[in-house]
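In what follows, a single structure is set out as structure tokens and then discussed.
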Amino acid sequence: MTTNPQVAAGVRDLSIELPSWAFGNSGTRFKVFAQKGVPRDPYEKIADAAQVHRFTGVAPSVALHIPWDRVDDYGDLAKHAADVGVRIGVINSNVFQDDDYMLGSVTHPDPRIRRKATDHLLDCVDVMDATGSRDLKLWFSDGTNYPGQDDIAARQDRLAEALAEVYARLGDDQRFLLEYKLFEPAFYTMDVPDWGTAYAHCIALGPKAQVVIDTGHHAPGTNIEFIVAVLLRAGKLGGFDFNSRFYADDDLMAGAADPFQLFRIMWEVRRGGGLDPSIGVAFMLDQCHNIEPKIAGQIRSVMNVQEATAKALLVDTDALAGAQAAGDVLAANAVLMDAYATDVRPLLGEIRTDMGLDPDPVAAYHRSGYYERVCEERVGGTQAGWGA
Ligand code: RM4
Ligand code: MN
């Protein structure tokens, strides 16, 4: 296959951000499995993330989760990231792991608890100032379990009030990304259950408030690429938390469960101009590797996103526009399917070789001996995990 320069440039321009929590121990509500060599602090998580970038060349940033990644000196952590060849990306807030938040955080009926939650969000902006991060990601576990438990509309008012306060605190070059989720942990109402609710809050605030799509946070059968198209058109698509799901919020490797869906999403991103870095769409992974090795699992996920993107870039847009204008349903569909059916792995291998990388990042990582080394070095201390 001869490398198509447009595809090569598009693939190289796509940066994929890694979640620090992917490198810590994780599990389900039944069991968290401890794996060998797992980082014990944010410095070691960043070192692991740097390996993913070293072998893929397209994962130059790591998202932090506060307080899981709390350190005394965030400037020093940012320096460490630069020393190992990456940078700190999105700051994720966490108002879902404190007894005070049983009935909600920023939507809680008690103003004292709302204050505490909002203060945490403001503290996260302080962290962003220290790390040089552009984005704050807001995900709220808030909601109710029973009809009548709380006033649905009043909770929206409380949410709007907290969001407005955070918005006002953002610097000129900072944004927040509001994430929605259909259900869980709340089962009757979530306070931000869907893109429409997130969009309504973001529209009320202004351009620094954007919606983030976590691909695992929808009802089965939801047409996520439609949401992509609508949000991009409205200038409100702040980014993605990629992962894949078979059932609910499975947090499996992006592109593993449904690579065709990932292709359809990336096609809509391309079509709407969202691959242009200046548009500001943040492409992030939000995953856990409960049973598979974590660094190799992240490399695999990055490659899956790249494959979907390369296929989206292969779509023959002239042929598609012609077929659509002619009302030729089958020809239009065939244009997309031809791109999807292309094996882009040789092309991606060539692009990596051109970038000075091994064409097979997983094999190169395994050969590097990094995993064996950290398994030997990381003895003692407490492995990172949810809550660490
Ligand atoms: C949530 C949400 C957030 C992520 C946490 C770990 O379900 O997806 O983005 O920060 O999980
Ligand atoms: Mn997420």
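Read the numbers this way: they start at 1 and go in the same order the structure lists the ligands and their atoms. The basis for the numbers below is simple: all heavy atoms, side chains too, and nothing from hydrogens, waters or symmetry mates.
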Close approach of D249 to ligand 1, heavy atoms, under 4.0 angstrom: yes
Closest protein heavy atom to atom 9 (O) of ligand 1, given as residue, atom name and distance to 0.1 Å: E179 OE1, 2.6 Å
Test item, W68 contacting ligand 1 (heavy atom, 4.0 angstrom): yes
Residues K137, D214: salt bridge by 4.0 Å N-O rule: no
Interfacing atoms of ligand 1 (cut-off 4.0 Å, heavy-atom, K137): 9 (O)
Test of proximity, W139 against ligand 1: N or O pairs below 3.5 Å: no
Enumerated ligand 1 atoms positioned under 4.0 Å from heavy atoms of D214: 8 (O)
D48 and Y370 side chains, donor-acceptor separation under 3.5 Å: yes
R271 with E225: basic N within carboxylate O range, under 4.0 Å: no
Donor on one side chain, acceptor on other, Y43 and D76, under 3.5 Å: yes
Aromatic plane relationship, F263 with F260 - under 30° parallel, 30 to 60° tilted, over 60° perpendicular: parallel
Per-atom contacts, ligand 1 versus D286 - under 4.0 Å to a heavy atom: 2 (C), 3 (C), 4 (C), 8 (O), 9 (O)
D241: its N/O/S atom lying closest to the Mn ion (ligand 2) (atom name): OD2
Heavy atom of the protein closest to atom 5 (C) of ligand 1 (residue, atom name, distance): H65 NE2, 3.8 Å
Lys/Arg cation over aromatic F23: K294, 6.0 Å, 45° cone: no
Ionic contact status for R367 with D358, cut-off 4.0 Å: yes
Name of whichever N/O/S atom of D214 is nearest to the Mn ion (ligand 2): OD2
Atoms in ligand 1 with a heavy atom of H217 nearer than 4.0 Å: 2 (C), 7 (O), 8 (O)
Residues K181, D241; criterion side chain to side chain contact (heavy atoms under 4.5 Å, CB included); working and verdict: CA-CA 12 Å; K181 184 176 179 183; D241 268 0; over 6 Å; no
Electrostatic pair R114:D142 at N-O distance under 4.0 angstrom: no
Numbering as shown, the atoms of ligand 1 that approach N92 to under 4.0 Å (heavy-atom distance): 10 (O)
Numbering as shown, the atoms of ligand 1 that approach D241 to under 4.0 Å (heavy-atom distance): 9 (O)
Angle, OE2 of E179 through the Mn ion (ligand 2) to OD2 of D286 - 10° precision: 160°
